[in-house]
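Written below as structure tokens is the structure these notes are about.
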Amino acid sequence: MKRKAIRRSGSLKGQVVLLGLTGSIALYKSCELVRQLKEEGAEVFCLMTEGAQRFVTSLTFASLSGNPVATNLWDESLWKVAHLECAEKANLAIIAPASANCLASLSGGFAGDILSATVCATRAPILIAPAMHDRMWLHPATQANVRRLKGYGYTFVGPEYGELSTGTKGWGRLAGPETIIAAAKKVLSR
Ligand SMILES: Cc1cc2nc3c(=O)[nH]c(=O)nc-3n(C[C@H](O)[C@H](O)[C@H](O)COP(=O)(O)O)c2cc1C
């Protein structure tokens with residue numbers, strides 16, 4: 001499927017959205033994000049790293065999105081070349097939650113798994129919603145990766161300040177689904 005023309009309105013209706021899912025404790029929140037993206041009229045295709053699949057099953061995201069989930073770069077059962085086909089059809093790619101590992105991988109241009117290979121291959125705009133412990137977020141390497149990714153033209157939403165999974169407070173919480181969707185509309189309206 002070829003990428004549809006992006007409407008200037010910033011509406012998600014009819015837009016093909018790739019949702020990249022990585023190994024974060026916040027991953028369960030992306031189930032609600034898929035539901036809200038669908039409510040906005042987007043066609044959602046999920047891509048999961050191996051880390052993500054340790055937190056929530058692909059079955060959950062397949063059921064919520066109504067589409068097959070890409071979990072493996074080498075799997076030919078769903079698509080001939082999954083990363084290229086997903087990259088081609090996307091109007092927008094959202095990575096939520098984005099792990100520290102994912103930020104490092106994308107900033108280095110690595111393409112060793114289904115998500116990083118697809119991001120490397122797409123020309124769709126990229127929106128990143130990081131989620132991690134604040135010590136990981138504030139690490140100079142993570143901050144340098146964020147600066148580099150912004151330099152590539154990627155947009156960031158969050159992380160937000162608040163209670164983390166450890167019970168402590170800090171910058172690292174995944175932005176809420178409404179905030180991510182508002183940011184997605186803004187990216188699409190550009
Ligand atoms: C219980 C648990 C929770 C984790 N939560 C996070 C997280 O919120 N953010 C993060 O960047 N890494 C987190 N990690 C570490 C990542 O899962 C790990 O770096 C993994 O390699 C990420 O792989 P991926 O980026 O390919 O999905 C967590 C690990 C464990 C065991």
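Numbering of ligands and ligand atoms starts at 1, following listing order.
Cation-pi geometry between Lys169 and Tyr161 is not satisfied (NZ or CZ under 6.0 Å from the ring centre, within 45° of the ring normal).
Shortest contact from atom 8 (O) of ligand 1 to any protein heavy atom: Ser24 OG, 2.8 Å. With hydrogens left out, the protein atom closest to atom 21 (O) of ligand 1 is Asn101 ND2, 4.2 Å, a heavy atom. Looking only at protein heavy atoms, the nearest one to atom 5 (N) of ligand 1 is Ile25 N, 3.3 Å. In terms of protein heavy-atom proximity, atom 11 (O) of ligand 1 is nearest to Ala100 N, 2.8 Å. Protein heavy atom closest to atom 9 (N) of ligand 1, with residue, atom name and distance, is Ala131 O, 2.8 Å. From the protein, the heavy atom lying nearest to atom 15 (C) of ligand 1 is Gly23 O, 4.0 Å. Counting only heavy atoms of the protein, atom 30 (C) of ligand 1 lies nearest to Phe55 CZ, 3.9 Å.
Ligand 1 has no atom lying under 4.0 Å from any heavy atom of Ala26.
At distances below 3.5 Å, not a single donor-acceptor pair connects side-chain atoms of Thr122 with backbone N or O atoms of Thr118.
Residues Val69 and Leu78 come closest through the heavy atom pair O-CD1, 3.6 Å.
Heavy atoms of Ser99 found under 4.0 angstrom from ligand 1 belong to the backbone as well as the side chain. Heavy atoms of Met136 found under 4.0 angstrom from ligand 1 belong exclusively to the side chain.
The existence of a salt bridge linking Glu43 and Lys38 is excluded, since no basic side-chain nitrogen approaches an acidic carboxylate oxygen closer than 4.0 Å. Using a 4.0 Å cut-off between charged nitrogen and carboxylate oxygen, Arg35 and Glu39 count as a salt-bridge pair.
The contact set between ligand 1 and Met132, taken as ligand atoms under 4.0 Å from a residue heavy atom, comprises 7 (C), 8 (O), 9 (N), 10 (C), 11 (O). Remark: ligand 1 atoms within the under-4.0 Å shell around heavy atoms of Thr49 are 24 (P), 26 (O), 27 (O).
Distance remark: protein heavy atom present below 4.0 angstrom from atom 2 (C) of ligand 1.
A side chain to side chain contact (heavy atoms under 4.5 Å, CB included) with Leu18 is found for exactly one of Leu47, Val119, Leu92, namely Leu47.
Side chains of Val157 and Ile128 form no contact here, defined as non-hydrogen atoms less than 4.5 Å apart.
Between the side chains of Glu40 and Gln36, no donor-acceptor pair of N or O atoms lies under 3.5 Å. Under 3.5 Å, the side chains of Asp75 and Ser77 contain a donor-acceptor pair of N or O atoms.
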